[in-house]
Amino acid sequence: QVQLVQSGAEVKKPGSSVKVSCKASGGTFSTYIINWMRQAPGQGFEWMGRLIPYSGLVNYTQKFQGRVTITADKSTSTAYMELRSLRSEDTALYYCARGRAADDFDYWGQGTLVTVSS
Amino acid sequence: DIQMTQSPSTLSASVGDRVTITCRASQSISSWLAWYQHKPGKAPKLLIYLASNLQSGVPSRFSGSGSGTEFTLTISSLQPDDFASYFCHQYNSYPFTFGPGTKVGIK
């Protein structure tokens, strides 16, 4: 059974960075497609980007281009999402999810709350 | 970007009710649509993929239909475990986008 377990909640100052982890178990990590989304309070989900660990191919949505980096450590089956230059509008729940070949998401992490506050 | 809308945003229903949620895309997405169930503090759960395909392990009371720009998720007989939020997801083109969600509450 595939499981994605994310790191714990973070409180950050404006202008700083946050790095959220997503540890996978079950399945073959290198064949995963790892997607990252966020959900701001009272809002819908917003897709940030994805990584295919096998190839290293990364796609980012234009909104976050230059401010987000998605990486993976195949040796620990862990994916990471780093968001820089944080502002209050980045306060949200951040989720990782495994994408299938058709790009639907069959397994999700439990979410990581990132709060940006001075 | 493709905009996704859902209706209603909230609904109140009773156990045993038939519930229908609609998702609309701002342009055609063929059948590249998924539906998820989400409970607070939990990981979202895939219910339906490719608009009408039931994900393995999901009860048969859930069904999806539609293509192009209009889609529906139907719960044929609402069960206590189904009180949750539901959202759609288009994966026809980048960036992937999501509907704002429908919260199903107890009447």
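Being a predicted model, the structure only gives us computed values, none of them experimental. Values below: every heavy atom of this structure, side chains too, minus hydrogens, waters and symmetry copies.
- For B:Tyr91 and A:Arg100, the side-chain atoms include no donor-acceptor pair closer than 3.5 Å.
- Residues from residues 27-45 of chain A that place a non-hydrogen atom less than 4.5 Å from a non-hydrogen atom of chain B comprise A:Asn35, A:Met37, A:Gln39, A:Gly44, A:Phe45, given in numerical order.
- B:Ile29 and B:Ile21 fall within a single hydrophobic cluster, where Ile, Leu, Val, Met, Phe, Trp and Tyr side chains are chained together by heavy-atom contacts under 4.5 Å.
- A 6.0 Å sphere centred on NZ of B:Lys39 holds more than 12 heavy atoms belonging to other residues, nucleotides or ligands.
- Within 6.0 Å of atom NZ in A:Lys23, more than 12 heavy atoms from other residues, nucleotides or ligands are found, so the atom counts as buried in its surroundings.
- Of the inter-residue distances, the one linking A:Asp104 atom CG with B:Leu47 atom CG reads 11.5 Å to the nearest 0.5 angstrom.
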### Task
Please assess B:Phe96 against A:Glu46 for the test side chain to side chain contact (heavy atoms under 4.5 Å, CB included), listing each intermediate value before the final yes or no.
CA-CA 8 Å; B:Phe96 303 143; A:Glu46 184 174 31; over 6 Å; no
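- With a 4.5 Å cut-off on side-chain heavy atoms, A:Thr61 and B:Tyr94 do not count as touching.
- Interface with chain B: from residues 64-84 of chain A, no residue qualifies, criterion being any non-hydrogen pair under 4.5 Å.
- Linking Ile, Leu, Val, Met, Phe, Trp and Tyr whenever their side-chain heavy atoms come within less than 4.5 Å leaves A:Val18 and A:Leu113 in two separate clusters.
- Within a 6.0 Å radius of CD in B:Gln79, more than 12 heavy atoms belonging to other residues, nucleotides or ligands are found.
- A:Gly109 and B:Ala43 make their closest contact through O-CB, 3.2 Å (heavy atoms, listed as atom of the first residue, atom of the second, distance).
- With rounding to the nearest 0.5 Å, the separation of CD in B:Gln90 from CG in A:Asp103 is 10.0 Å.
- Side-chain heavy atoms closer than 4.5 Å link hydrophobic residues (I, L, V, M, F, W, Y) into clusters, and following such links, possibly through other members, connects B:Phe71 to B:Tyr86.
- Taking 4.5 Å as the limit, every side-chain heavy atom of B:Thr97 sits out of range of all side-chain heavy atoms of A:Trp47.
- Hydrophobic clustering (ILVMFWY, side-chain heavy atoms < 4.5 Å, transitive): B:Leu33 and B:Phe98 are in distinct clusters.
- Put simply, the side chain of B:Tyr36 gets close to the backbone of A:Phe105: a donor and an acceptor are under 3.5 Å apart.
- By the rule that hydrophobic residues join a cluster once side-chain heavy atoms approach within less than 4.5 Å of another member, B:Leu78 and B:Leu73 end up as members of one cluster.
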